[in-house]
Amino acid sequence: MLEGNKEFIAKSLENDPDYFTKLANGQKPPILWIGCADSRVPANQITNTNPGEIFVHRNIANMVIHSDMNMLSVLDYAVNVLEVKHVIVTGHYGCGGVIAAMTNKQFGLIDNWLRHIKDVYRLHASKLDLIKDEKERQDKLVEYNVVENVYNLCKTSIVQNAWQKGQPLAVHGWVYSIETGIIKDMNVSTYDNANMGNVFKFNSPPTP
Ligand code: CO
């Protein structure tokens with residue numbers, strides 16, 4: 001990794017001799033990314049973006065939990081100080097956290113975290129239980145988990161207050177496929193202010 005760091009410095013300076021000087025001046029990323037901690041889903045690489053462009057928060061199974069001070073601090077800083085325009089919850093198919101939440105096996109401390117995903121399952125059990133194929137059912141729960149966490153995000157006091165103030169802020173839900181590299185938009189984008197067209201898309205329940 002340290003060798004890789006030297007290569008990164010050399011390559012960056014080759015492209016732009018002021019690369020690090022510019023970044024050191026401060027950040028103004030337009031996006032907050034809330035994604036899974038999975039090593040295969042790095043925000044910048046899969047969206048072909050650069051350092052300085054995405055503010056990132058990652059945890060197991062890209063959860064937005066109202067009592068999580070870590071997530072709330074990141075969200076508050078991103079919305080109120082950095083004034084990001086978009087918050088994107090990005091899940092991914094084959095998510096170990098989601099799959100673990102579908103079993104009754106104990107995994108340790110993480111079980112308490114996964115509890116929230118079990119709640120998402122319970123909420124959508126009538127539809128999920130109809131899906132015979134296990135992988136298909138896992139994929140669907142991954143999608144529901146993103147949608148529910150987009151809801152959670154919208155309901156935080158931080159996002160509610162931003163909308164109240166008329167701050168341009170949109171919330172989105174995406175799912176990434178590790179198998180194909182494709183990001184699927186779950187079409188639950190939500191924004192509620194004049195600058196973004198007064199659109200509030202939560203009138204009908206989302207159908208992922
Ligand atoms: Co995951």
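Note that ligands are numbered from 1 as they come in the structure, with each ligand's atoms numbered from 1 the same way.
- For the Co ion (ligand 1), the neighbouring protein N/O/S atoms at less than 2.8 Å, given as residue and atom, are C36 SG, H92 NE2, C95 SG.
- The existence of a salt bridge linking D139 and K135 is confirmed by a sub-4.0 Å separation between a basic side-chain nitrogen and an acidic carboxylate oxygen.
- Both V120 and W113 sit in one connected hydrophobic cluster of ILVMFWY residues. Membership requires side-chain heavy atoms under 4.5 Å apart, directly or through other members.
- For CG of N48, the number of neighbouring non-hydrogen atoms (other residues, nucleotides, ligands) closer than 6.0 Å is 12 at most.
- Annotation: K11, atom NZ; neighbour count of heavy atoms from other residues, nucleotides and ligands within 6.0 Å does not exceed 12.
- At a threshold of 4.0 Å, the pair D133-R137 does not count as salt-bridged, since none of the basic side-chain nitrogens sits closer than that to a carboxylate oxygen.
- Shown are I88, T190, V171; of these, the side-chain contact (heavy atoms from CB on, under 4.5 Å) with L153 is made only by V171.
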